[in-house]
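Atom set for the values below is all heavy atoms of this structure, side chains included, hydrogens, waters and symmetry mates excluded.
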Amino acid sequence: MSSPQVRTPTLQSNKMKKDESFLVKLGGTLVRKKKAKEVNDLQEEGKNAINAPMSPTPITLDPEETLLEENEERTMIDKASREDLKYIELKKVLIDWINEVLVEERIIVKSLKHDLYDGQVLQKLLETLANCKLNVAEVTQSEIAQKQKLQTVLEKVQDLLRPQGWPIRWTVDAIHGKNTAAILHLLVALAMHFCAPIRLPEHVSVQVVVVKKREGLLHTSYVTEELTTTTEMMMGKFERDAFDTLFDHAPDKLSVVKKSLITFVNKHLNKLNLEVTELETQFADGVYLVLLMGLLENYFIPLHHFYLTPEGFDQKVHNISFAFELMEDGGLKKPKARPEDIVNLDLKSTLRVLYNLFTKYKNVE
């Protein structure tokens with residue numbers, strides 16, 4: 001009977017060494033991979049920490065906004081900007097202005113994006129503001145006809161604005177595509193050019209999301225657009241005059257100009273036992289301006305046409321607007337200054353108005 005085969009210690013020892021060697025190698029590889037992953041994770045975490053403050057808030061796109069053709073691009077204002085109070089105020093002020101201008105047309109705008117894109121309201125607005133008639137069809141329903149109308153309207157707008165250096169930041173496709181930022185750029189430019197009796201909120205900026213379809217995938221990027229700056233800067237894009245130069249380069253001569261204008265207005269207001277010592281404050285409610293126009297044109301202004309003791313901003317604006325109407329009736333051009341600016345004690349606006357009166361009526365006794 002043969003004895004059972006016994007493994008030699010040498011064979012067992014060699015196998016154990018091989019197993020240990022394999023485990024060591026495997027363990028080392030796993031450790032190295034783990035460390036490499038930790039390093040990568042740390043680098044990624046650092047990168048995210050740096051980039052996070054600059055990254056826009058993720059947006060939720062409406063289904064309509066994602067139905068794009070290949071290489072088609074669409075822009076929209078992001079949610080945070082749409083909820084900004086100054087942005088909301090800007091839209092409201094512009095909508096109220098449009099509705100006031102078009103009151104006789106019985107047009108009521110509720111949404112800038114949905115009511116202006118086809119060119120119908122923009123046509124009526126421009127015709128009313130510029131006192132002109134555009135050669136376009138009154139009713140357009142097809143996309144081609146709507147874009148043709150928009151093309152005509154925007155060409156007229158550009159003819160008006162380009163000489164004054166206003167940047168054109170809208171296109172037919174952008175307006176027709178309901179690009180709210182482009183529509184706002186257009187309306188702000190029109191309001192400034194035609195000296196709309198409104199006060200736009202200053203320094204309104206929005207973050208615009210640009211969505212483009214490439215190779216079947218949607219790609220987004222972000223652009224910050226400035227819709228308004230300061231009223232002075234926006235008005236300056238149209239026309240700088242002697243008072244801009246005076247304030248910027250010769251402030252020492254300002255007192256001389258003010259003294260001359262005070263002498264001029266007091267020459268007439270003294271007839272009513274009234275006297276002006278501060279131009280920016282005493283003309284801010286419009287009363288002296290209305291009375292001055294009556295004296296210069298030698299007629300009596302019924303008291304029910306203006307507020308003799310105005311209360312609040314709106315009544316003061318009414319008085320100054322009424323004085324502007326009297327100036328136009330007297331043959332003067334509509335003042336470039338806005339009633340709201342005079343009420344807000346803007347000296348430059350007040351000086352512009354009074355200087356226009358001085359140049360026309362300086363020889364009136």
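One N or O on the side chain of N99 and one on the backbone of V109 form a donor-acceptor pair closer than 3.5 Å. In this structure a side-chain-to-backbone donor-acceptor pair under 3.5 Å is present from E127 to L134. For T228 (side chain) and H203 (main-chain N/O), a donor-acceptor pair under 3.5 Å exists by modelled atom type. Proximity of a side-chain donor or acceptor of N179 to a complementary backbone N or O of I175 within less than 3.5 Å is not detected. Proximity of a side-chain donor or acceptor of D341 to a complementary backbone N or O of L345 within less than 3.5 Å is not detected. Formation of a donor-acceptor pair under 3.5 Å by the N344 side chain with backbone atoms of D346 is not found in this model.
Pairs passing the salt bridge (charged side-chain N to carboxylate O under 4.0 Å, His left out) check and including a residue from residues 301-328, sequence neighbours excluded, do not occur. Within the structure, every pair that satisfies the salt bridge (charged side-chain N to carboxylate O under 4.0 Å, His left out) test and touches residues 95-111, not counting sequence neighbours, is listed here: K92-D96.
K267 is linked by a salt bridge (charged side-chain N to carboxylate O under 4.0 Å, His left out) to E365, counting only residues two or more places apart in sequence or in another chain. In this structure K147 satisfies the salt bridge (charged side-chain N to carboxylate O under 4.0 Å, His left out) test together with E143, D173, sequence neighbours excluded. Scanning for side chain to side chain donor-acceptor pair (under 3.5 Å) contacts around D118 gives an empty result, with sequence neighbours left out.
Closest non-hydrogen pair, I88 versus E83, comes out as CD1-O, 3.8 Å. Shortest non-hydrogen contact noted between E340 and F313 is CG-CZ, 3.7 Å. Shortest non-hydrogen contact noted between L357 and M293 is CD2-SD, 3.6 Å. Between P201 and E89, the shortest heavy-atom distance links the atoms CB-OE1, 3.7 Å. Of all heavy-atom pairs between G286 and I320, the closest is CA-CG1, 3.5 Å. The shortest non-hydrogen separation linking Y87 to I77 is OH-CD1, 3.4 Å.
A donor and an acceptor atom, one from each side chain of T277 and Q282, are located under 3.5 Å apart. In the model, S81 has no side-chain atom that pairs as donor or acceptor with a side-chain atom of D84 under 3.5 Å.
The NE2 atom of H114 sits 9.5 Å away from atom CD1 of I183, with the distance rounded to the nearest 0.5 Å. Expressed to the nearest 0.5 Å, how far NZ of K258 lies from OG1 of T350 amounts to 10.0 Å. Once rounded to the nearest 0.5 Å, the distance linking CD of E280 with NZ of K348 reads 13.5 Å. Note that NZ of K86 and OG of S205 are 8.0 Å apart. Values are rounded to the nearest 0.5 Å. One finds the NE2 atom of H185 at 13.0 Å from the CG atom of L190 (value rounded to the nearest 0.5 Å). One distance of note links CG of L125 with CG of L187; it measures 7.0 Å at 0.5 Å rounding.
A 4.5 Å side-chain heavy-atom check between T263 and F358 finds every atom pair outside the cut-off. Counting heavy atoms from C-beta outward, V188 and L94 have side chains that approach closer than 4.5 Å. At least one side-chain heavy atom of V287 sits under 4.5 Å from a side-chain heavy atom of N319. Side-chain contact between P335 and M327: present, with at least one pair of heavy atoms (C-beta onward) separated by less than 4.5 Å. Proximity of K360 to L296: side-chain heavy atoms (C-beta onward) are nowhere separated by under 4.5 Å. Within the 4.5 Å cutoff, the side chain of L122 has no heavy atoms near those of the L126 side chain. Using a 4.5 Å heavy-atom cutoff, the side chains of I342 and F324 are in contact. Contact check for W170 versus L154: side-chain heavy atoms found under the 4.5 Å cut-off.
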Open item on the list: Show, in sequence, the C-alpha distance, side-chain angles and deciding distance for R169 and E225, and conclude whether the side chain to side chain contact (heavy atoms under 4.5 Å, CB included) test is met.
Closed with: CA-CA 10 Å; R169 302 177 68 180; E225 292 198 22; 4.1 Å; yes
**Worked check of side chain to side chain contact (heavy atoms under 4.5 Å, CB included) between L186 and L116** = CA-CA 11 Å; L186 172 61; L116 271 65; over 6 Å; no
Applying side chain to side chain contact (heavy atoms under 4.5 Å, CB included), run through I262 and N266 and close with a yes or a no.
CA-CA 6 Å; I262 288 174; N266 280 336; 3.3 Å; yes
Y361 vs L332, test: side chain to side chain contact (heavy atoms under 4.5 Å, CB included). Steps then yes/no.
CA-CA 11 Å; Y361 299 104; L332 287 167; 4.3 Å; yes
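In the displayed structure, L85 atom CG is contacted under 6.0 Å by at most 12 heavy atoms of other residues, nucleotides or ligands. Counting non-hydrogen atoms of neighbouring residues, nucleotides and ligands closer than 6.0 angstrom, the CG atom of N131 reaches no more than 12 such neighbours.
Note on ring orientation: taking the six-membered ring where Trp is involved, the planes of F264 and H268 are perpendicular (angle over 60°, cut-offs 30° and 60°).
Ion pairing between E138 and K124 holds under the 4.0 Å rule for side-chain N and carboxylate O.
Criterion: ILVMFWY side-chain heavy atoms under 4.5 Å apart, direct or through other members. Under it, F322 and L274 are part of a common hydrophobic cluster.
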Side chains of residues 300-310: which donor-acceptor partners sit under 3.5 Å, not counting sequence neighbours?
none

